[in-house]
Q: 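Structure provided below as structure tokens; questions to follow.
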Amino acid sequence: MDTLTPASLQKLTKTAEPAVTLTNVTDDDRTLDNHLLQGMEAELVTTRDELAKAAAHNADVEAELFAVAQRLTAKEAEHEAALNALKKLREELFDARTQLDASTAEVAKRKAAASRSGSSLTERAVRKVIRKVRK
């Protein structure tokens with residue numbers, strides 16, 4: 001393998017003709033750079049628009065979620081109040097049943113006493129009628 005020395009390198013560069021002139025490459029590079037820059041700027045504008053739309057959508061969704069959270073909080077308070085009212089009604093029902101049982105027992109007791117005294121009253125009334133008839 002041959003090694004390149006500075007002298008041989010100079011010889012090669014002097015004899016070789018460039019395929020493209022320096023001005024052409026520079027103009028092409030500028031055109032390409034401008035084209036790439038315009039494409040990147042357009043992509044940046046598009047991305048900014050998409051981000052702005054996404055941020056607006058995010059704000060809308062966040063507002064809706066906040067409204068839903070407020071409604072859920074209100075419903076939770078309503079349910080809590082309803083549960084407290086049901087608890088109070090259950091306690092009142094228990095008290096009413098207890099009083100009903102006591103009243104039923106008292107009525108049964110009075111009926112039994114009335115039936116016992118009722119027969120004796122009937123007997124007395126019959127005896128009284130018999131006495132009056134005999135006189």
Side-chain angles (χ1 to χ4, degrees):
M1 247 196 211
D2 293 334
T3 58
L4 289 177
T5 61
S8 63
L9 187 57
Q10 279 183 350
K11 217 190 235 186
L12 282 173
T13 54
K14 286 183 183 177
T15 58
E17 290 184 25
V20 179
T21 61
L22 188 58
T23 55
N24 287 343
V25 171
T26 305
D27 288 342
D28 288 345
D29 284 347
R30 282 188 199 142
T31 304
L32 182 61
D33 286 346
N34 286 340
H35 180 70
L36 289 174
L37 183 62
Q38 289 173 354
M40 289 171 62
E41 287 174 348
E43 188 67 29
L44 182 61
V45 168
T46 303
T47 303
R48 282 184 181 156
D49 289 344
E50 289 174 0
L51 285 174
K53 288 176 185 176
H57 179 70
N58 187 30
D60 291 342
V61 169
E62 188 173 326
E64 288 177 18
L65 286 175
F66 184 72
V68 167
Q70 286 181 324
R71 287 193 302 265
L72 285 175
T73 302
K75 288 292 181 186
E76 184 178 4
E78 288 176 16
H79 288 203
E80 188 70 28
L83 287 174
N84 288 336
L86 285 175
K87 182 180 177 183
K88 185 177 178 183
L89 287 173
R90 185 174 8 131
E91 290 170 357
E92 290 174 2
L93 180 62
F94 178 77
D95 292 342
R97 283 185 180 164
T98 303
Q99 290 175 357
L100 178 64
D101 291 343
S103 297
T104 304
E106 184 65 29
V107 167
K109 183 179 171 183
R110 288 185 182 184
K111 279 184 180 179
S115 69
R116 282 191 305 262
S117 66
S119 62
S120 62
L121 286 176
T122 306
E123 289 173 6
R124 277 193 249 157
V126 168
R127 278 188 235 139
K128 189 176 183 182
V129 170
I130 293 173
R131 273 186 269 151
K132 282 187 180 183
V133 172
R134 287 186 189 168
K135 285 188 183 178

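The first residue in the sequence is number 1, and the count goes up from there. Since the model is a prediction, treat every value here as computed from it, not as a measurement. In what follows, every heavy atom counts, from backbone to side chain, and hydrogens, waters and symmetry copies are set aside.
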Q: Side-chain contact, heavy-atom cut-off 4.5 Å: Met40 with Leu44?
A: no
Q: Can you tell me if CD on Gln70 sees more than 12 non-hydrogen neighbours from other groups inside 6.0 Å?
A: yes
Q: Distance check, rounded to the nearest 0.5 Å: Lys132 atom NZ versus Lys128 atom NZ?
A: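 Nearest 0.5 Å value for the NZ-NZ distance: 5.0 Å.
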Q: Hey, could you give me the CD/NE2 distance between Glu50 and His57, rounded to the nearest 0.5 Å?
A: 14.0 Å
Q: Look up atom CG in Leu37 and atom CG in Leu32, then write down how far apart they are to the nearest 0.5 Å.
A: 11.0 Å
Q: Side-chain donor-acceptor contacts of residues 81-104 below 3.5 Å, not counting sequence neighbours, with atom names and distances?
A:
{"residue": "Asn84", "atom": "ND2", "partner": "Glu80", "partner atom": "O", "Å": "3.4"}
{"residue": "Thr98", "atom": "OG1", "partner": "Phe94", "partner atom": "O", "Å": "2.8"}
{"residue": "Ser103", "atom": "OG", "partner": "Gln99", "partner atom": "O", "Å": "2.9"}
{"residue": "Thr104", "atom": "OG1", "partner": "Leu100", "partner atom": "O", "Å": "2.7"}

Q: If you count the non-hydrogen atoms of other residues, nucleotides and ligands that lie under 6.0 Å from CD in Glu78, is the total more than 12?
A: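 More than 12 heavy atoms, drawn from other residues, nucleotides or ligands, come within 6.0 Å of this atom.
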